[in-house]
Protein chains: 2
Amino acid sequence: MPSTKAKRSPGGRGAGRIRRERCAAILAAAEQEFAQHGFRGTSTQAIADGCGLAKAQVHYYFETKEVLYRALLAQILDAWNCPLNAVSAADEPYDVLSRYIEAKLRLSWQSPQRSRIFAAEVMRGAPVLRDFLLNEQQGWVTRFSAAIDGWIGQGKMRQLDPLQLIFMLWSVTQHYADYEAQVLLLMQRERLTEEDLVRVSAEVCEFFLRGCGIDMPVVKS
Amino acid sequence: MPSTKAKRSPGGRGAGRIRRERCAAILAAAEQEFAQHGFRGTSTQAIADGCGLAKAQVHYYFETKEVLYRALLAQILDAWNCPLNAVSAADEPYDVLSRYIEAKLRLSWQSPQRSRIFAAEVMRGAPVLRDFLLNEQQGWVTRFSAAIDGWIGQGKMRQLDPLQLIFMLWSVTQHYADYEAQVLLLMQRERLTEEDLVRVSAEVCEFFLRGCGIDMPVVKS
DNA sequence: GTCTATATGGGGATAGAC
DNA sequence: GTCTATCCCCATATAGAC
């Protein structure tokens with residue numbers, strides 16, 4: 001049982017304070033590097049440089065590069081769950097789709113790196129995320145597909161393959177994150193702003209509602 | 001002036017035969033590796049193993065890893081130009097869009113690796129392809145956008161941002177290549193077949209035509 | 001012209017100092 | 001509990017043999 005009267009613990013709560021700060025800094029730096037160069041292409045040295053630590057310190061807090069990578073992926077999937085699961089509460093296809101698109105685009109605007117890390121992981125065959133894709137993601141897709149089929153049955157949207165619609169939702173919304181460099185060059189911008197998000201979100205929403213044959217409600221104005 | 005009576009040149013035309021064969025084999029192996037692990041994540045050793053050569057042989061035919069990488073990118077851009085430029089001959093938005101979608105999906109089916117190499121290059125900030133994006137690609141986008149604006153002016157499709165439409169075309173068609181691992185898992189397939197291509201192509205075409213508000217011609221049958 | 005043997009540096013990881 | 005000094009391997013690239 002460790003002593004309760006530890007002398008130094010002014011900022012945080014004792015033992016784990018430095019640890020928490022360092023781990024957070026390492027994860028943040030790792031996010032940058034892995035997003036640009038993938039798992040193999042990233043060196044722990046570059047991560048260490050990115051957060052001003054010595055390479056060996058990184059290996060102290062995360063035993064191996066893969067442990068660090070897995071921790072980062074877990075953090076990313078966590079951060080994605082909240083805003084996207086909150087969406088499926090609504091019942092009307094119009095609400096569900098437009099909210100989902102907006103939430104997903106917002107994620108691409110907020111932290112494009114995370115999408116890129118996910119993309120790179122899938123592009124190398126998803127060795128680490130395979131289980132996640134087969135279990136949680138597969139389940140989510142099945143439920144969402146069932147909802148879409150329900151809407152089709154009720155005549156709320158035209159007949160289409162739910163899975164293909166899901167792929168299109170994902171691809172379009174992630175494009176602004178994964179291909180950000182190309183998007184910025186062609187849009188002749190230095191960075192994507194909140195105004196861009198609103199504009200693109202409206203464009204994409206309308207496109208998908210029309211593509212699905214969903215009647216849009218009359219806009220108040 | 002080299003001797004015309006060279007003894008050994010049965011298969012190809014003298015000097016460059018072995019060279020051509022080796023270079024082709026190396027480029028093919030490089031395509032696999034770069035597609036999975038990006039520029040930094042790929043080792044010349046892995047490429048050598050992939051084509052059954054010694055590592056140093058790879059360095060003989062391509063002085064550095066970057067030279068090999070650039071050669072591969074050039075080859076990819078070449079292969080993409082032909083089928084996609086042939087599309088823009090037609091005048092009607094219906095024809096242009098549906099042919100473009102089909103051609104681009106076919107590329108994703110035929111050689112998904114190439115799309116992934118392009119994706120990885122853009123994801124790391126496009127240090128090598130920056131010039132290509134700024135010059136040739138920018139020009140293509142400008143011309144295509146002008147065509148779209150023309151169609152909008154003629155009332156052939158609804159008003160929308162041409163650039164966003166282009167991004168959606170790219171993202172959806174490339175998704176099946178870049179995220180192939182995820183697509184295969186969720187579609188519960190081992191590989192994507194020609195039938196899948198036809199089905200997906202039809203789905204995506206209809207979706208885009210509706211999304212753009214383009215009237216579809218009456219189908220004969 | 002082609003391939004083998006070799007140099008030099010950076011990679012991930014750890015044993016031990018503080 | 002935290003960090004520094006060090007290990008060993010694999011990476012790219014080349015000099016020289018064939």
Side-chain angles (χ1 to χ4, degrees), chain A residues 1-27 29-30 33-34 36-72 127-128, chain B residues 1-27 29-30 33-34 36-72 127-128:
Chain A
M1 192 176 185
S3 165
T4 42
K5 42 184 170 180
K7 270 182 185 173
R8 39 179 156 163
S9 50
R13 199 155 54 253
R17 197 180 124 245
I18 293 182
R19 184 170 208 93
R20 264 184 296 119
E21 288 176 10
R22 294 272 195 273
C23 285
I26 292 169
L27 283 167
E33 291 300 319
F34 283 126
Q36 270 193 64
H37 304 291
F39 178 71
R40 287 219 201 148
T42 293
S43 69
T44 53
Q45 180 65 65
I47 294 172
D49 293 348
C51 57
L53 294 176
K55 181 175 61 170
Q57 283 178 281
V58 173
H59 276 97
Y60 169 62
Y61 291 104
F62 297 91
E63 288 173 334
T64 71
K65 189 168 81 162
E66 190 175 333
V67 166
L68 170 53
Y69 179 71
R70 297 185 105 101
L72 183 58
V128 169
Chain B
M1 193 173 185
S3 166
T4 41
K5 43 183 171 179
K7 272 183 184 171
R8 39 176 158 165
S9 50
R13 200 157 52 252
R17 196 179 127 244
I18 292 183
R19 185 171 208 89
R20 266 184 293 119
E21 289 176 8
R22 295 272 194 271
C23 284
I26 292 169
L27 283 166
E33 291 300 320
F34 283 127
Q36 269 193 63
H37 304 292
F39 177 71
R40 289 220 200 147
T42 293
S43 69
T44 53
Q45 179 65 68
I47 294 172
D49 293 348
C51 57
L53 293 177
K55 181 175 56 171
Q57 284 179 279
V58 173
H59 276 96
Y60 169 63
Y61 291 103
F62 298 90
E63 288 171 335
T64 70
K65 189 167 79 164
E66 189 175 334
V67 166
L68 170 53
Y69 179 71
R70 296 186 106 102
L72 183 57
V128 170

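We name chains A, B, ... by the order of the sequence lines, and we start the count at 1 in each one.
- Using a distance-only test at 3.5 Å, with no hydrogens or angles considered, no donor-acceptor pair links the side chain of A/T44 to the main chain of A/K55.
- For the pair B/H59 and D/dA13, the criterion of a side-chain N or O lying under 4.0 Å from OP1 or OP2 is met.
- Closest to the side chain of B/R22, out of C/dT4, C/dG12, C/dC3, is C/dC3.
- Atom-to-atom, CD of A/Q57 to C1' of D/dA5 comes out at 13 Å; the value is rounded to the nearest Å.
- A/K55 has its NZ atom 12 Å from the C1' atom of D/dC8, to the nearest Å.
- If you measure from atom CZ of B/F62 to atom P of D/dA13, you get 14 Å, rounded to the nearest angstrom.
- Geometrically, A/R19 engages A/Y60 in a cation-pi contact, judged by NZ or CZ lying under 6.0 Å from the ring centre and within 45° of the ring axis.
- Considering only side-chain atoms of B/S43, the nucleotide from C/dG12, D/dA11, D/dT4 that sits closest is D/dA11.
- Regarding B/I47, its CD1 atom lies at a distance of 14 Å from the C1' atom of D/dA13, rounded to whole Å.
- Rounded to whole angstrom, the span from the CZ atom of A/F39 across to the P atom of C/dG11 amounts to 14 Å.
- Side-chain atoms of A/A56 lie closest to D/dA5 of the nucleotides C/dA5, D/dA5, C/dG12.
- Note: CD (A/E66) to C1' (C/dA13) measures 14 Å, nearest angstrom.
- When B/R40, B/H37, B/Q36 are each tested for a side chain to side chain contact (heavy atoms under 4.5 Å, CB included) with A/R40, only one passes: B/H37.
- When the C1' atom of D/dA11 is taken as reference, atom CD of B/Q45 falls 9 Å away, rounded to whole Å.
- Of the possible donor and acceptor atoms, none in the side chain of B/K65 sits under 3.5 Å from a partner among the backbone N and O of B/H59.
- Ring geometry, B/F39 versus B/Y69: the interplanar angle falls from 30° to 60°, so the pair is classed tilted.
- Considering only side-chain atoms of B/I18, the nucleotide from C/dT4, C/dT2, D/dA5 that sits closest is C/dT2.
- As rounded to whole Å, 11 Å separates atom P of D/dT2 from atom CD1 of A/I26.
- Both A/Y61 and B/K65 lie close to DNA chain D; mapped to their nearest nucleotides by heavy-atom distance, the more 5′-ward contact belongs to A/Y61.
- Within the 4.0 Å cut-off from OP1 or OP2 of C/dT2, at least one side-chain nitrogen or oxygen of B/R19 is found.
- Side-chain nitrogen and oxygen atoms of B/Y60 include none within less than 4.0 Å of the OP1 or OP2 phosphate oxygen of C/dC3.
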